[in-house]
> 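Take a look at this one; I'll ask things after.
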Amino acid sequence: MYTNDIVAIDNRLKEQIMDSYILSSSDFMYSVDMGFHLIAANLNFLNFIQPISIKNSLQIGDHLLDSIKFSPDLKTRFGNCFIRGFKGEVFVEEVQFQLPDKGIDKWSELHINPILNGDTTIGVTIISKDITASKYAALELLASNIRLNNILLSSSDWIWEVDANGTYTYCSEKAISHLGYDVGEIIGMSPFDFMREDEKQRVGLIFQDIVASNSAIVDLENWNIHKDGSEVCLLTNGFPVFDANGKLTGYLGVDKDITMRKTNELELLRMNEDLLLKTEELTKLNSELERFAFVASHDLQEPLRTVTSFLQLFEKKYTNLVDPTAKKYIDYAVNAAERMRYLIRDLLEYSSSGKGIEEYAEVNLNLIVSDITQLFEISHADTDVEYKIGKLPIVNAMYLKMLQVFQNLIGNAIKYKSEEKLVIEISANELDQDWQISVKDNGIGIEPQYHESIFELFNRLHSFSDYSGTGIGLAVCKKIVEMHGGKIRVKSDLNKGAEFIFTLPKNRP
């Protein structure tokens with residue numbers, strides 16, 4: 001504040017005032033009388049004001065407010081400051097001085113002091129300090145604080161600060177949504193005050209190591225007790241704060257509520273453990289069932305051979321004693337035993353189709369299809385078949401298993417041919433992750449309602465007298481394809497042929 005009162009105005013005193021202004025700092029200094037006329041000014045003020053004065057030449061004695069290109073609002077603001085000084089007030093006022101057409105935008109701190117002659121105020125002296133830099137810095141800081149506060153309000157995370165002793169010195173209002181306590185209840189407490197004893201010991205040891213090494217807190221999961229007694233899991237991140245001497249003064253950080261995620265993770269872990277246990281039990285059961293099927297099927301072969309052989313011997317030795325009806329009965333029994341032998345053979349094949357009894361290797365499907373078609377040309381020489389075979393890929397698979405798949409699919413196409421000449425088309429289509437293989441024929445087809453059931457074990461659509469077989473072949477194909485990580489399906493309609501489509505992964509997991 002400037003309290004030096006000027007008690008008399010004469011020419012000598014005016015000269016002394018001017019001299020003091022000239023020798024003063026870079027501040028603007030000027031004085032006006034009660035009629036707003038300029039009675040004194042330093043060079044800094046005069047040099048600044050000349051370009052924006054109406055006559056481009058401000059002189060002592062000129063009316064200050066009428067001589068400068070003030071905006072109406074700014075003129076009123078300055079006038080009010082002078083009037084307060086005329087009334088004897090000593091005060092400081094911040095004024096933004098803007099003249100856009102002159103490129104001027106400055107903040108001034110005006111120190112207003114009345115000029116007294118005895119007890120009478122005869123004018124005011126103004127010392128104007130340029131505070132533009134500090135003002136804009138303060139405004140930027142205020143804007144930054146507003147942005148930060150808005151971020152804190154919009155964020156679901158809890159911002160906090162603790163001192164070197166681990167005591168909360170600041171926390172955002174989000175604390176109540178995390179722990180149920182308001183800010184006043186949190187300040188002065190420690191994070192460990194909200195933890196179970198076992199959790200307090202676990203987290204305390206971790207925090208000791210962090211403080212000892214002046215490290216940041218990175219994704220520290222910790223369980224806390226909510227005000228309502230429930231457990232809350234927080235994910236804590238923070239960084240150390242140091243004083244000018246490099247001494248740790250505390251931590252500034254943020255807590256995220258991850259209770260739902262951790263609860264889901266724990267539940268998923270429990271479910272995975274249960275699933276793993278059930279998978280182990282199922283694997284053991286499947287192994288036992290496969291072993292049972294293999295042993296049972298293998299052991300049933302011998303009595304069936306015995307029954308068939310003795311029936312045939314009986315028929316041959318006592319042919320003269322057997323009447324046509326008995327002979328028919330013997331044929332039925334032999335045929336039934338033969339069908340049972342086929343059924344047992346296919347059951348053995350199915351029980352072993354899911355076992356990885358051979359190593360995965362590069363298998364050229366072109367060679368497999370070539371071998372199968374040559375085999376069927378020999379075994380079904382009476383069937384006229386036209387093969388249309390495209391280029392097939394080399395896949396990572398089990399050779400014998402792939403042989404089984406193509407043997408069953410091509411064999412079914414031959415078995416269920418129509419009256420037309422049989423055409424079998426085999427092709428491959430490359431997808432993003434898989435190879436898609438197609439075996440298509442122009443046979444009798446399959447009604448849509450059976451497209452799923454034909455892949456089930458022992459599921460036959462025709463009687464044994466019409467078409468031989470046990471209904472296991474497609475179930476074997478499905479089991480092998482799925483074991484390789486693929487899927488199989490059929491596209492067909494009655495009397496319109498069938499297309500079996502299966503996939504094999506390009507990169508086997």
Side-chain angles (χ1 to χ4, degrees), residues 272 275-276 279 282-283 286 290 349-376 385-416 423-443 445-457 459 471-493 496-509:
N272 285 340
L275 182 60
L276 181 60
T279 301
L282 185 60
T283 301
N286 283 340
E290 288 178 352
E349 179 183 358
Y350 182 79
S351 67
S352 63
S353 63
K355 296 179 180 178
I357 56 177
E358 59 174 311
E359 296 292 331
Y360 280 84
E362 288 190 349
V363 176
N364 190 330
L365 298 184
N366 297 282
L367 298 179
I368 284 185
V369 170
S370 177
D371 290 343
I372 295 296
T373 53
Q374 290 180 26
L375 176 65
F376 280 123
V385 183
E386 178 184 353
Y387 292 100
K388 295 181 178 179
I389 303 173
K391 183 174 177 57
L392 302 178
I394 296 175
V395 296
N396 189 263
M398 287 186 271
Y399 176 82
L400 294 178
K401 301 298 183 187
M402 290 295 101
L403 203 65
Q404 281 182 282
V405 171
F406 282 99
Q407 184 173 337
N408 279 318
L409 295 180
I410 296 174
N412 277 353
I414 294 174
K415 182 189 297 186
Y416 299 109
V423 178
I424 299 177
E425 301 177 45
I426 303 174
S427 61
N429 183 28
E430 185 175 4
L431 306 179
D432 290 339
Q433 304 295 329
D434 305 303
W435 285 105
Q436 181 176 278
I437 314 299
S438 168
V439 178
K440 184 178 181 181
D441 62 60
N442 61 341
I446 305 167
E447 292 180 275
Q449 62 264 36
Y450 301 119
H451 286 185
E452 296 291 336
S453 61
I454 58 173
F455 294 104
E456 297 174 1
L457 198 61
N459 199 315
I472 290 180
L474 290 178
V476 169
C477 290
K478 182 175 185 290
K479 196 170 185 180
I480 292 174
V481 168
E482 290 180 350
M483 182 178 67
H484 281 75
K487 294 182 179 180
I488 188 169
R489 59 188 174 90
V490 65
K491 291 171 60 178
S492 180
D493 217 333
K496 293 185 179 180
E499 180 181 13
F500 287 88
I501 303 168
F502 64 94
T503 59
L504 294 171
K506 291 181 180 178
N507 299 307
R508 187 179 65 84

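We're numbering straight along the sequence, starting at 1. Every value quoted in this text rests on a predicted model; they were computed, and no experiment measured them. Heavy atoms only: backbone and side chains are in, while hydrogens, waters and symmetry mates are out.
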> Roughly how far apart are L403 CG and I480 CD1, rounded to 0.5 Å?
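Here the rounded value is 9.5 Å.
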
> Donor-acceptor pair, N408 side chain versus C477 backbone, under 3.5 Å?
no

> Looking at N442 and V423, would you say the former's side chain and the latter's main chain have a donor-acceptor pair under 3.5 Å?
yes

> Counting the benzene-type ring for Trp, do F500 and F406 have ring centres under 6.0 Å apart?
no

> Give the C-alpha distance, both sets of side-chain angles, the deciding distance and a yes or no for side chain to side chain contact (heavy atoms under 4.5 Å, CB included) between V385 and I424.
CA-CA 7 Å; V385 183; I424 299 177; 3.9 Å; yes

> Give a yes or no answer on whether the side chain of H451 reaches the backbone of K491 with a donor-acceptor pair at less than 3.5 Å.
no

> Counting heavy atoms not belonging to E386, are there more than 12 under 6.0 Å from its CD?
yes

> Once you round to the nearest 0.5 Å, how far does CD1 of I414 lie from CG of L409?
11.5 Å

> Within this structure, what is the CG-CD1 distance for the pair N366 and I389, rounded to the nearest 0.5 Å?
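N366 CG to I389 CD1: 8.5 Å, rounded to 0.5 Å.
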
> Quick one: closest heavy-atom pair of L474 and F455, and the distance?
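Smallest interatomic distance, heavy atoms only, reads O-CD2, 3.7 Å.
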
> In sequence, state the C-alpha distance, the side-chain angles, and the governing distance for V476 and Q404, and then conclude on side chain to side chain contact (heavy atoms under 4.5 Å, CB included).
CA-CA 8 Å; V476 169; Q404 281 182 282; 4.0 Å; yes

> Do I501 and K440 have side chains that approach each other closer than 4.5 Å (heavy atoms only, starting at C-beta)?
no

> Backbone N or O of L275 within a donor-acceptor pair of the T279 side chain at under 3.5 Å?
yes

> Starting at CE of M398, measure out to CE of M483 and round the result to the nearest 0.5 Å.
3.0 Å

> Identify, with sequence neighbours excluded, every residue that meets salt bridge (charged side-chain N to carboxylate O under 4.0 Å, His left out) alongside K478.
E482

> State, yes or no, whether a side-chain contact exists between D493 and E447 at a heavy-atom distance under 4.5 Å.
no

> Taking C-beta and beyond as the side chain, do V363 and I394 meet within less than 4.5 Å on heavy atoms?
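Side chain of V363 against side chain of I394, heavy atoms only: no contact under 4.5 Å found.
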
> Measure the spacing between CD1 of I372 and CD of Q407 and express it to the nearest 0.5 Å.
4.5 Å

> Please report the closest heavy-atom contact between S492 and I446, naming both atoms and the distance.
OG-N, 2.8 Å

> Is there a donor-acceptor contact under 3.5 Å from the side chain of H484 to the main chain of K401?
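No, because the side chain of H484 does not come within donor-acceptor range (under 3.5 Å) of the backbone of K401.
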
> Please tabulate, one pair per line, all N/O donor-acceptor pairs under 3.5 Å involving side-chain atoms of residues 425-438, not counting sequence neighbours.
| unit_1 | atom_1 | unit_2 | atom_2 | d |
| --- | --- | --- | --- | --- |
| E430 | OE2 | K506 | NZ | 2.9 |
| S438 | OG | E499 | OE2 | 2.6 |

